[in-house]
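Numbers restart at 1 for each chain; the letters A, B, ... are given by sequence-line order, proteins then strands.
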Number of protein chains: 2
Amino acid sequence: MIATYTSSSLKAELNEKGWRLTPQRETILNVFQNLPKGKHLSAEDLYNVLQEEGAGISLSTIYRTLKLMARMGILRELELAEGHKHYELNQPHPYHHHHLICVRCSKTIEFKNDQILKIGSKAAQKDGYYLLDCQLTIHAVCPTCQRSLMPT
Amino acid sequence: MIATYTSSSLKAELNEKGWRLTPQRETILNVFQNLPKGKHLSAEDLYNVLQEEGAGISLSTIYRTLKLMARMGILRELELAEGHKHYELNQPHPYHHHHLICVRCSKTIEFKNDQILKIGSKAAQKDGYYLLDCQLTIHAVCPTCQRSLMPT
DNA sequence: CTGCTTATTGAGAATCGTTGTTGAAAAGAA
DNA sequence: TTCTTTTCAACAACGATTCTCAATAAGCAG
Ligand SMILES: [Mn+2]
Ligand SMILES: [Mn+2]
Ligand SMILES: [Zn+2]
Ligand SMILES: [Zn+2]
């Protein structure tokens, strides 16, 4: 987990594995770096953001880039109970955080806890795994949905 | 989180919300209750198991039941990096556990940690959420895949 | 037990997020 | 530059999940 990527550190990390730095990849990383705290983007969200900014990157490239960056540990891939994945920068302590999700309305709250990352690192290390991301996901029912009479 | 459901405790919990106990729901819960430790089932896995057992339950019903039971907190819905969801019984301490997943080959290891559930409960409680499930998911690269020269 | 109301089922069609395929363009090496 | 390899955009294809709807059967009140 690197705190902030620059063009050249991104290039270095890509080249190390035989990949290339393209304008598209640089642009996409930039969007995530300038994202407000607590904001998560789906592939389609990102596509729309880029359209508005005039940087028309194809959906295919977006999907490929998101997956690539998630596998490199640059982005976190989140399942926020909406039928599609969301992504955000994978930042180290003290920005590292977790998600509390309402399974009914999908409202999501972020929270921090210093122990989690330690527990996760230790678990990965114990079996010789190289840690990419460590997320505590809490599925729950929010106060509003608890009050709602509607079942389901 | 209830340790073991019987026909009647399941019925009670369903009826409380205006739902009904059907033979299909009872059968499906039974499959999970008799599943070997560490085994997870996808919707299609479950469909096949039921076919072999002679209890032909339709895929539609399986999907509906899995979602229902996950929302009730009876089952856990897991994202094990294979493009589809997996399910297992949602059991309390000391059976409650977490998952360490290789993002390349999807190999999954289960591990336990007593603190996690406490941390999760506290986080949910703080915001008035009703806890259903709490899972620490670790994305990593397994030793074998680290050695493999193949990128991606 | 009987009948009524309404949740649930099964079969298949439909949806939609994601992945695969292709020829063209761009990056990196020499 | 020139050659080789990777990446791109566009669109087709895929597959997991959801939806639709007529038929069935829980649950409940009498
Ligand atoms: Mn977040
Ligand atoms: Mn498990
Ligand atoms: Zn809610
Ligand atoms: Zn692996």
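- The number of heavy atoms from other shown groups lying within 6.0 Å of CD (B:Gln51) is above 12.
- Rounded to a whole Å, the CG atom of A:Leu10 is 13 Å from the P atom of D:dT7.
- Between A:Gln24 atom CD and D:dA10 atom P there is a gap of 11 Å when expressed in whole angstrom units.
- The cluster map of Ile, Leu, Val, Met, Phe, Trp and Tyr, joined by side-chain heavy atoms under 4.5 Å apart, puts B:Tyr47 and B:Leu80 in different clusters.
- Rounded to an integer number of Å, the gap from A:Leu14 CG to D:dT5 C1' is 15 Å.
- Atom NZ of B:Lys112 is surrounded by more than 12 heavy atoms from other residues, nucleotides or ligands within 6.0 Å.
- For B:Thr27 (side chain) and B:Pro23 (main-chain N/O), a donor-acceptor pair under 3.5 Å exists by modelled atom type.
- Per the geometry, NZ belonging to B:Lys17 stands 12 Å off P belonging to C:dT8, to the nearest Å.
- When the shell of 6.0 Å around NZ of B:Lys118 is examined, it contains 12 or fewer heavy atoms from other residues, nucleotides or ligands.
- Nucleotide C:dA7 holds its P atom 17 Å from the CD atom of B:Glu16, rounded to whole Å.
- In this structure, CD1 of B:Ile62 is placed 16 Å from C1' of C:dG12, rounded to the nearest angstrom.
- Between the CZ atom of A:Arg25 and the C1' atom of C:dA26 there is a distance of 12 Å, given to the nearest Å.
- We find that CG of B:Leu68 is positioned 13 Å from P of C:dA7, with the value rounded to whole Å.
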How does protein contact run along nucleotides 16-28 of chain D, one letter per nucleotide 5' to 3', with B for base contact, S for sugar-phosphate only, - for none, heavy atoms under 4.0 Å?
-> SBBBB----BBS-

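- Heavy-atom neighbours of B:Glu26 CD from other residues, nucleotides or ligands within 6.0 Å: above the threshold of 12.
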